[in-house]
Amino acid sequence: MSNLREIGRKILAATNILVVTHHSPDGDALGSLTAVGGWLLREGKIVTMAVDGGMSKRFEFLPLAGEVRERSGDGYDLLIALDCGDIDRMGEAFSSLQSPPFIINIDHHATNPEFGDLNWVDPQAASTAEMLYFLLRENEIPLDIGIATSLLTGIVTDTQSFSTSNVTPRSLEAAGGLMDAGADLPQITEQAFSIKPHAAMRLWGIGLSNALVEDGLAWVTLSLRDKQRAGYDGSGSAGLVTQLVNIQEACMSVVLVEQEDGHVSVSLRSRLPFRVSDVAVSFGGGGHPQAAGCRLDMPLEKAELVIVDACKYALLAQKDALKA
Ligand SMILES: [Mn+2]
């Protein structure tokens, strides 16, 4: 674990630090961002926490949520990228920098190309927040209730409340340590994971009633009109893809969401032993074996044909490989 000491030393040697996570941030992204931000502020550093598109409403309960900015500024001597599967995931929080500083890349996506100057990519970890728990522990940095709340939010959301196939005893060990430090598990689970706005539930209603199931694949398209009908103003599917994969007759699910600028964002899920990351990667996306995504620059109807075809083909190939 000497690498963790090296990362700790490198971070503590910097003075003006930019911490960035990925655009369309989830709970792991924002929990990791605010945990590292809180730690470094406590260390007396000058800290900027940035995420392209700004803070997500859903996670406004996180400590320091009000300090998260949309734009980066300049003059940093260190950039810490958290939960970013590739460099483009930072969006304008990175691309707007005049001169990028030294980059430490901390992430758990297996598809991460190690774009940093110092990289710690651990696909065994169920969340980036879990990795950060061990980074702090290895460097003997005490937790406080704010950091603990942020990190446990990351763990709870990325593991769908400890129910995903990548949960390990280490995830639970981290969660236990964070609860010891004062994080409130039931409250975090309710706020970050269970509770959804009415509009998101309406979007689920539309999506669930329009979903198709064929050859083990469940899928649905959500047009701008569907989102409008639901009154939903988010860019994703509000977690619908994770529900679709629970359809008994399916083992893979896809949700295609039409975006304002004309492109289509695609979320994919599968149940073990099936994988969706290869499909996402083949369209220039990435993610985890059972949870991945990509974007397609084509009309929604065309994107549906292309992705449904690719998924059915991948499922057939994977089923054949299992039989062999
Ligand atoms: Mn994550």
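Along the sequence shown, residues are numbered consecutively beginning with 1. Here the structure is a predicted model, which is why all the values come from computation and not from measurement. Hydrogens, waters and symmetry mates are skipped; everything else that's a heavy atom, side chains included, is used. Start at 1 and go down the list; that is how both ligands and their atoms are numbered.
- Closest approach of Ile145 to Gly182, counting heavy atoms only: CD1-O, 3.4 Å.
- Pairing each heavy atom of Asp77 with each of Pro101, the nearest pair is C-CB, 3.8 Å.
- Heavy atoms only, all atoms of each residue included: Glu70 and Gly53 are closest at CG-C, 3.4 Å.
- Listed here is the closest heavy atom pair of Gly207 and Leu240: CA-CD2, 3.8 Å.
- For the side chain to side chain contact (heavy atoms under 4.5 Å, CB included) test with Leu79, the passing option among Asn105, Thr48, Leu97, Asp117 is Leu97; the others fail.
- For the Mn ion (ligand 1), protein N, O or S atoms under 2.8 Å: 4 in total.
- In summary, Asp86 and Arg89 do not engage in a salt bridge, as defined by a charged side-chain N under 4.0 Å from a carboxylate O.
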